[in-house]
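Below: one structure, written as structure tokens.
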Amino acid sequence: MCGIAGIVSHQNVNQDLYDALTVLQHRGQDAAGIITCDKGRLHLRKDNGLTRDVFSTEQMMKLKGNMGIAHIRYPTAGCSSSSEAQPFYVNSPFGITLAHNGNLTNTQQLKRELFIEDQRHLNTNSDSEVLLNIFAHELQRLGKLKLNKNDIFKAVQGVHHRCRGAYAVVIMIPNIGIVGFRDPHGIRPIVYGQRQSAQGTEIMIASESVALDVLDFELVRDIAPGEAIFIEENGALHTQQCAEETAYSPCIFEYVYFARPDSIIDNISVYKARLRMGEKLADKILKEWPDHDIDVVIPIPDTSRTSALQLANTLDVKFREGFMKNRYIGRTFIMPGQQMRKKSVRQKLNAIGLEFEGKNVLLVDDSIVRGTTSEQIIQMARDKGAKKVYFASAAPAVRYPNVYGIDMPAAHELIAHNRTTEEVCKAIGADKMIYQDLHDLIDAVQKGNEEITQFDTSCFDHQYITGDIDDAYLQHIEDLRNDTVQSDLNISPEIIDMHSN
């Protein structure tokens, strides 16, 4: 999971892009990068770390230019490498830069095509570099020295034709402008907005609407699945549908966990969706456990707070903050390595004893992935004197890997994989476990925009909406994402294998 932004303005965009990255920091803490264009010359700064650590005042001063793109990185295959920090750059044709959120599902096929047919060199293992080179090759095929909007849209059409999977993209071309587009399923979010200045209209593209809000851009709308928008360097805006077929299927996990509650994605308020999740979960408790003995509802900070509050209100049970969060510790979900993840939990959260002592506590989290964090938090509640500890998840059981840009572990590492709810309950040490039902989660989100008839719910139901995921692919992803075994991909053996068949 990553965050992207792009701005075409009438003034320097470095500060605005920096501010956008700080607002999108929740989407990734591994690396950050900004590239700007000033009179055809590109200025780039990127490195591992948080936004505040990557950019110094001196470095920011060098990022001159009235248009630029930016990226927050969240690694999707184990430990991070600074070589895979974005934006990426390719010099031919025109000098194109790209920032990408998502994951291509046919990367290996595209790598072979780029090497053999397109004769392009790849310098990293990132599928984002693959996507950049596909777009660059599609432009190069046109053989033109001066590009217009139709050329841009034709190149995006070529990307849709060749690339499968999830991708929300911003691309900058010096002296031309910025392009934003989204895969035909609209899996990952991307929006754009406008701001009026004394010099005219300025346009911004971002992963979430909250980035527009803080910079006083007015949200125009989401980029539709398969659609591209092209902002010329002078600010002129063009849009076009570039995919032959689309199937609106946004990732439902954005609403469960990743997006900020103050964002609006695909015309759905994330905050209201989470309120409805809490209400649905409370209704399930009242239906299946009408004589519950819950004394207090306590959220696991921070994402579950909205759902937990509405759940408590619906149950007419006290809501209390029982855990204080140390905000200077990185999020455990995106920390590479299981040992680092285990070590960080008690550093990250501290329990307030008086909220637990002698009480039957319902802990509410947004979801349960590996279960190691849940197990430790339950033990913390018991250590503080809780009589009984119940655990509720605002999302259904996560049983399968996500292949569209979320760094979920291999199936065997998921606590709910091949386990019943009762077995999960025992594994994490709870007295009772309550999962959200999938149809209730879908209803909770869909109510915000009933025009969306399906969501990507693959991590819950094993239904991969792109239709190209099989056991062999999942095994490949498992090899890549395993915490202890990291594959070092190399194009050469693949070429040898292909010629030997």
Side-chain angles (χ1 to χ4, degrees), residues 1 26-27 186-189 191 207-210 213 219 221-222 248-290 292 294 296-321 362-369 390-398 402 406 416 421 432-461 463 465:
M1 185 62 62
H26 61 285
R27 300 188 67 86
I187 300 172
R188 301 264 71 88
V191 300
S207 291
E208 295 184 33
S209 63
V210 66
D213 295 340
L219 174 65
R221 61 177 176 85
D222 300 87
Y248 215 155
S249 311
C251 175
I252 207 163
F253 225 89
E254 290 280 353
Y255 304 94
V256 170
Y257 179 77
F258 279 105
R260 275 182 42 153
D262 45 345
S263 284
I264 297 174
I265 296 176
D266 293 308
N267 207 30
I268 299 171
S269 164
V270 176
Y271 175 75
K272 288 187 176 181
R274 290 178 184 167
L275 285 176
R276 292 189 289 267
M277 290 176 207
E279 187 173 345
K280 294 280 188 182
L281 196 54
D283 290 343
K284 179 177 181 178
I285 292 173
L286 291 172
K287 180 181 178 180
E288 298 183 0
W289 191 19
H292 70 81
I294 301 168
V296 61
V297 173
I298 293 177
I300 310 300
D302 285 313
T303 322
S304 64
R305 185 173 287 112
T306 305
S307 296
L309 178 59
Q310 188 67 2
L311 184 150
N313 288 338
T314 305
L315 292 181
D316 195 23
V317 172
K318 290 181 180 179
F319 174 87
R320 291 291 185 268
E321 295 284 356
L362 176 63
L363 303 180
V364 181
D365 209 347
D366 51 75
S367 58
I368 305 175
V369 182
Y390 309 124
F391 205 95
S393 168
V398 177
N402 182 285
I406 299 177
T421 299
K432 189 176 183 63
M433 175 75 221
I434 306 102
Y435 276 114
Q436 184 86 264
D437 290 329
L438 180 56
H439 63 84
D440 283 339
L441 173 62
I442 293 173
D443 287 346
V445 179
Q446 190 179 37
K447 189 173 182 180
N449 183 357
E450 295 184 355
E451 293 182 3
I452 301 177
T453 58
Q454 69 175 359
F455 293 88
D456 167 45
T457 56
S458 54
C459 57
F460 307 124
D461 61 7
Q463 300 300 309
I465 57 175

Just so I know, are the side chains of Ile368 and Met433 near enough to count as touching, which here means a heavy-atom distance under 4.5 Å? yes
Could you tell me whether Asp283 and Lys280 make a salt bridge, using a distance below 4.0 angstrom between a side-chain N and a carboxylate O? no
Are the side chain of Arg274 and the backbone of Tyr255 linked by a donor-acceptor contact shorter than 3.5 Å? yes
Run the side chain to side chain contact (heavy atoms under 4.5 Å, CB included) check on Glu321 and Arg305 step by step: do they pass? CA-CA 9 Å; Glu321 295 284 356; Arg305 185 173 287 112; 2.6 Å; yes
Shortest non-hydrogen contact from Val256 toward Thr303: O-CG2, 3.6 Å
With a 4.5 Å limit on heavy-atom distance, are the side chains of Val296 and Leu362 in contact? no
Is it true that Lys284 and Asp440 make a salt bridge, defined as a side-chain N closer than 4.0 Å to a carboxylate O? no
Just checking, any donor-acceptor pair under 3.5 angstrom between side chains of Gln454 and Ser249? yes
Let's go through Tyr271 and Asp262 carefully: what are the C-alpha distance in whole Å and the side-chain angles of both, what is the deciding distance for side chain to side chain contact (heavy atoms under 4.5 Å, CB included) to 0.1 Å, and is it a yes or a no? CA-CA 6 Å; Tyr271 175 75; Asp262 45 345; over 6 Å; no
Residues Pro396 and Leu441: closest non-hydrogen pair is CD-CD2, 3.4 Å
Does Pro250 reach the side chain of Ile187, with side-chain heavy atoms less than 4.5 Å apart? no
Which atom names give the shortest non-hydrogen contact between Thr314 and Leu286, and what distance separates them? O-CD1, 4.3 Å
Donor-acceptor contact below 3.5 Å, side chain Gln436 vs main chain Ala394: yes
Shortest non-hydrogen pair, Val398 vs Phe460, comes out as CG2-CE2, 3.7 Å
Determine whether more than 12 heavy atoms belonging to other residues, nucleotides or ligands lie under 6.0 Å from atom CZ of Phe319. yes
Short side-chain to backbone donor-acceptor contact, Asp456 and Cys251, under 3.5 Å: no
Please examine the side chains of Met1 and Arg188, heavy atoms only from C-beta on, and report whether any two atoms are closer than 4.5 Å. yes
Please evaluate residues Glu254 and Arg27 with respect to the criterion salt bridge (charged side-chain N to carboxylate O under 4.0 Å, His left out), reporting the C-alpha separation (whole Å), side-chain torsions for both, the decisive distance (0.1 Å), and the verdict. CA-CA 10 Å; Glu254 290 280 353; Arg27 300 188 67 86; 2.9 Å; yes
Please give me the minimum heavy-atom distance between Phe253 and Ser367, naming the atom from each residue. CZ-OG, 3.6 Å
If we ignore hydrogens and angles and just use 3.5 Å, is the side chain of Glu208 paired with the main-chain N or O of Pro189 as donor and acceptor? no
Any sub-3.5 Å donor-acceptor pair from Ser304's side-chain atoms to Pro299's backbone N or O? no
Any donor-acceptor pair under 3.5 Å from Asp461 side chain to Gln463 backbone: yes
Judged by atom type as modelled, is there a donor-acceptor pair below 3.5 Å linking the side chain of Asn267 to the main-chain atoms of Gly448? no
Between Met277 and Val445, is the side chain to side chain contact (heavy atoms under 4.5 Å, CB included) condition met? List the steps. CA-CA 8 Å; Met277 290 176 207; Val445 179; 3.9 Å; yes
Are Ile465 and Phe455 close enough that some pair of their side-chain heavy atoms sits under 4.5 Å apart? no
Keeping the roles fixed (side chain from Ser209, backbone from Ile264), state whether a donor-acceptor pair exists under 3.5 Å. yes
For the residue pair Tyr390 and Trp289, categorise the inter-ring angle as parallel (less than 30°), tilted (30 to 60°) or perpendicular (more than 60°). perpendicular
Looking at Gln446 and Thr453, what are the two nearest heavy atoms and their distance? NE2-CA, 3.5 Å
Test side chain to side chain contact (heavy atoms under 4.5 Å, CB included) on Val364 and Val297; report intermediate values, then the result. CA-CA 7 Å; Val364 181; Val297 173; 3.8 Å; yes
Looking at Ser263 and Ile265, would you say the former's side chain and the latter's main chain have a donor-acceptor pair under 3.5 Å? no
